[in-house]
Every structure is written in structure tokens, then in C-alpha cells.
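Read the structure below first, then the notes.
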Amino acid sequence: MRKIPLNKIRNIGIIAHIDAGKTTTTERILYYTGKTYKIGEVDEGTATMDWMVQEQERGITITAACTTTKWRDCTINVIDTPGHVDFTVEVERSLKVLDGAVVVFCGVGGVEPQSETVWRQADMYNVPRIAYVNKMDRTGSNFFDAIEQMRRKLGANAAAIQFPYFEGDEFLGVFDLIQNKLLVYKDAQGLTIETRDVPQNFFKQFKQCHDQMLEHLAETDEKIMSAFVHGEELSAADIRMAIRKAVIANKFVPVLCGASFRNKGIQPLLDAICDYLPSPEDLPPIKGTNPNTGEFEEIKVSDKAPFTALCFKVATDPYVGKINYIRVYSGTLKSGEYVYNASKRTKERVAKLVRMHANRQEVIDFVHTGDIAAAVGLKETKTGDTICTEENSILLESMHFPEPVIQQAIEPKTKIDQERLGFALHKLAEEDPSFRIGYNQETGETIISGMGQLHLEIIIDRIMREFNVEAQVGAPQVAYRETITKKVNSTGKFIQQSGGRGQYGHVVIEMEPQEMPGTGITFVDKIKSGAIPKEFIPSVKDGIFGAAKSGILAGYPVTDVKVTLVDGSFHEVDSSEMAFQMAASIAFNEGLKKAASILLEPIMDMEVIVPEEYMGSVIGDLNARRAKIISLTTRANVRVIRAYVPLAEVFNYATSLRSLTQGRASYTMEPSFYAEVPSHIAEKIILSFSGAGSRKGL
């Protein structure tokens, strides 16, 4: 029987740029809601949500951690996500299952590059959000500038519902624009809050901020618009109701402020989470596909509806084995029951249900609609799979994960390590869909690919520590891609005759560059009047996708090519699936030769924060690295350089930047797009591939 009403559940994520204070904020949320009795600190390695050894050593979040807590009459399922771009997949899969998000911004940095990335991810999944400007105690923090950046850079209809209160340079509390009060924090723990009337010398600023809030809210609500235009008084309840409605419709972003490290601003943030972010029943019904008919169907958000859930994360526990994190969209599930994996079309038994608190488990008997929990015992279920009842099977939209941009060779030191390494790689790839494993046939090396140097560093560290594997690794290498520059027609024939039944496959394809970069390989079947029988079409597609894994220039995967099957022929006796697969592969490779293939390299969006006196040296160094400077701006007392720079040029950039600026500059970067490799560099890459006959060290 359900104990918590559905409208009192909040499934939220804490998302932000690296070092904006997500985990620090989450730790305070756990403390003030009574989930923990002591505040954990990121810098001391005592944060509850940063439970991995690698997180505690580096002081960063690596994996999204879940927990459940309560505030007022609401149950809040919280997912604390990483800020580092190398672990962006953790943000992606969390946002897929969340109903709302708190986006944390640094009061000094404002909207930073990764802030834009997580905001776009939230846009993609249509996640309602509230903003929290942190670090108001820091010198150079500017609350109103951060809001202006949200409007300008993110296109958000953002407005303050609080603003900071300072005495001199000290941040002491917040003005509440809805209650028309000043909240002052009286103790270091942030437990005693004194409510005061707004001081007279702040009346003018308070009125300006209040009017601005109503002005932005009026854009989304007719009642507020009418009251605002006619100068009518609005009650706090009316304003809250209008904000909630606008936030759920994704038309308004209320902005709060605080200093999490100083224990200020968290309780009003918790109130805002309960007041403005949606419950599962506030959102439109989730749609899925009936696997039998292919028709779209809506899922009723109710415990009485058939059970449907999405597995959004897989983790390995040293004691219980595989844990599948699930979000329940409808129905209920009891521990020990069987579920149907609609993605794999298999039946599996849930041995145990648990509620996660970071890496700790609380055994539960049931999960209900709206819950985020974990299931133990699902052997076949992977990230993105739908589990449901077999009688009412449905497929929820799966998740798409970014392509890796960097790769390294890894090999075991001893024979004993060989088996352990294979096991470790399999487990880690199951946990992390952005981590890929490949094999170089020519060098006999195992290739691991990831989203960045830090990503692969963490993977290798885990292989050695958690799985006790001794391994040697090559230097990191860029994951180049290959594509075509013009439209061509290509023919592939595979004919083999060696007595008895032969092999015959013949295809004609059209290859052209994709209109939108980043689309990958697409296959279109335009066969008419049965030139190739329908049963062989999937084999043609398999042949195309198989051939695209390795291009003709330097063996890198081919991307952004549209392949259209236009013609072909078959033999009544000799044609087979294998023959058509081979013919398609031949046609694709021949097409690459005719279509003027080029190499592509990953380009990073980089932001460098540097003191004025070192700016010339840093820009000169970036130009030498083939960077394209996008903008130069001023932030507080430093300069901000935004540039596009090839990944190949910025390996170990941190060391160079430190030496150029005496350790006073910092930078962040994230993959942005692929661009053509300059011809003189491409020639070297191709030459090293063809000359050595391999890519040793990749």
C-alpha cells in the first residue's frame, strides 16, 4: 500500500558546471532534512554523495549518486550529478528520468561552458528547473549579473524570487520577494533564521526586484499580467501558484541565492523544490511504443496501471553483484516478482528491491509509481531497457550516448591478468555506455575509448584497484573520424563459385554527406519491384554499418554518410545473407574511394580564465595550437578567453597553462563538434597508418 501520495513526490537532479558547488549543496540538503547528522565536505573527502575512492581523492563527482530524503510533507529523490564534461553521460541518463532539476551557478563565474551543456540537456528532455546562484560569500560574486547571463546565454525567462543581503562585504541572508521579508542567518550552522521586515534603505531595490519578478511572470500568466498592469496587490499564495504553473510548463525559471559552504540559503531552496518543481502526476503522460504493433501508447501515471519502468543506470556492487537503477512510471512491483524486459524480450526475476543512499542500500518490499529505486537480480537488463509486464509490454524511448573522442591501448602484464582484464572491461562497459572497448586486429591490442583523459584515467584506476588487474597502457590518442565530401554511386558484387552452391550478391548504393553533422550513418532502402528480396535488405544494412567501422584512409570509423540502396540483383539459388552483406561492404568501401574521403578531428569548446597580465602569452600559445578565438570578455578582475581548439593540440594543457601563468589561470573544455583535419596533418596521420601498417599505441 502506498504511504506517500504521488503529488508529494519530487524526483530532482542537482546539475551544474564543475566546481559550482553541486555536491556541497546536496550535502546541506541531506543535513537540513535530517538524512545525515553531520555535514560532509567535498574538500575533506567526507561528502556522503562522493563515495568512490577516486571522488574522495580528487574532490570531484564522477558518478551520479541517488538518495531519498524528506522536507515538509514531500519525499525528495535526489540525484547529485557530475560537473566534469568527461562524465556528461551521468547527467544525460539522470535527466532522462527526472521530473525537475536545480541548476547551480557560481556567483563569480555565472553561466560557464558546462552550465550551457547541462541546460541544453535539460531542454532536450524538457525538464522543468529552478536556478540557485551559489557562492554569494565569494569576492567578485554578482547575483544580478548571473541572472542576466542566464537570459542572454541560455535564453531563459529567469527572474529573482530572492536577492542577497550584505552588511559591508559579508553575506548574511536573503530578501524573500514573495513573503516580503528579510531572512538573516544567525549561526554558523545555518539552523537559526531570523525573519525581519525589509529595512527602509532597501525599499527601492526591493520594489525594483519585486516588479521585475512579476513582469517576467506576467509573460506566462494572464492573472498576474492583469494584476501587474492594474497595480493590484497579489497574495503570496497567488504568486507561488503562478510560479509553480509556469515552472512546470517550462516557461519561467525562479532564481534563488545562497552560500552552501557557509550553510546559507538551503532551507528556502528546499521550500522552492517542494513549492515549484513538479510531482510525477503534474507532467504529461509518458509515451511508449507497443513492441507488437509499433503504435504509440500513453502510460497512465497510476499505481493501478500495469507496471512500467526504465533502467537508467547499471552499477556493480562487490557484495550483491549487478544493481539496476530504475524509475517507475506506472504500476507497482514487489520484491521477488518476475518482470518482462521489452527491449530484450526476456523474462527476469527481481531478487531484491533497494532504495539507494549513495552507495548504501535500504531493502524495501515494494516500489510504486514515481519511485526511483534499484533492483538486484536482473542479469540481462542494461541501461536504457524497459521493464514491464508481459501482458502489457511497452517500449519507452531509449537513451542516446555521445561518441568517445579519445582512446588508449591497454594490455595485461601477465596471463592471470588477461582474464581479469576482460572481466573488468566488460563490467565497466556495462556500467558506463560512453566507455567503449575495441580490438585492433593488426597490432593485437585492446583499445579503450572514452570522453576525455580524466574519464580514461578513472577507468584505468578502477581496473587496477577494484578488479586487482596489473596492466600497461599506451599514450592517449585522438579518436579521429572519416567522412565523404561528395555524392557518388557505387556498386558492390560478391560472386563465389567453388563447386556446388555458390555465393551471389549484387548491390548498387548512393552515398552522400549528411546535411546535419553529427547524424552518423543512416541507411535508406529504395529498392523497387523486388530487385533484391526483402529478406536480404537487413544483411545489406549490416554490411554497410560493418564497413563503416573502419575507413580507408587510416582505419578510423566513418561518420555522417547517408547511404541509399537503389538497385541490385540476386540469384535464385546462390544468393544468401552473407553474400549481400559482403557485397554491401565492398560497395561502401568503393564509394569511400570515389567520394573524396577526409579525416575529421574532435574540436573542443575551451574557456580559459586568466589574469590580464598573462593574456597575451595564453592567446599566443592557443594560436600555436590551431585555436580559433571566439570571444574575449572580462569577469570580475580576470579575462575570459573562449576558443575552439583541436583535441590533438591540448593533451596535458594544464601543465603548459600553469607554467605560462605561474599557476594563476584555469580552464575547462568540452567536445563541441568534428571538423576537417588540415591536409598537412592528415597526410602525417595517413602516412603513419599505412607506413607502420598499424596504429601502435592507440
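Source: prediction; values computed, not measured.
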Check Arg10 with Asp275, please: is the shortest side-chain N to carboxylate O separation under 4.0 Å? no

For a 4.5 angstrom cut-off between non-hydrogen side-chain atoms, does Gln114 reach Ile18? no

So does Lys223 pair up with Asp238, basic N to acidic O under 4.0 Å? yes

The criterion is side-chain contact (heavy atoms from CB on, under 4.5 Å); which residues satisfy it with Met241, sequence neighbours excluded? none

NZ/Lys35: more than 12 non-hydrogen atoms of other groups inside 6.0 Å: yes

Glu219: which residues meet the salt bridge (Lys or Arg N to Asp or Glu O under 4.0 Å) condition with it, sequence neighbours left out? none

Asp187: salt bridge (Lys or Arg N to Asp or Glu O under 4.0 Å) partners, not counting sequence neighbours: none

Test side-chain contact (heavy atoms from CB on, under 4.5 Å) applied to Phe166 - qualifying residues, sequence neighbours left out: Met136, Pro164, Phe171

Sequence-distant partners of Lys313, salt bridge (Lys or Arg N to Asp or Glu O under 4.0 Å), two or more places apart: Glu90

Rounded to the nearest 0.5 Å, how far apart are CZ of Phe312 and OG1 of Thr383? 9.5 Å

Just jot down the salt bridge (Lys or Arg N to Asp or Glu O under 4.0 Å) partners of Lys207, sequence neighbours excluded, or say none. Asp211

Let me see the working for Arg244 and Val247 under side chain to side chain contact (heavy atoms under 4.5 Å, CB included), right down to the final yes or no. CA-CA 5 Å; Arg244 178 174 179 77; Val247 168; 5.9 Å; no

Do Gln149 and Asp145 have a side chain donor and acceptor closer than 3.5 Å? yes

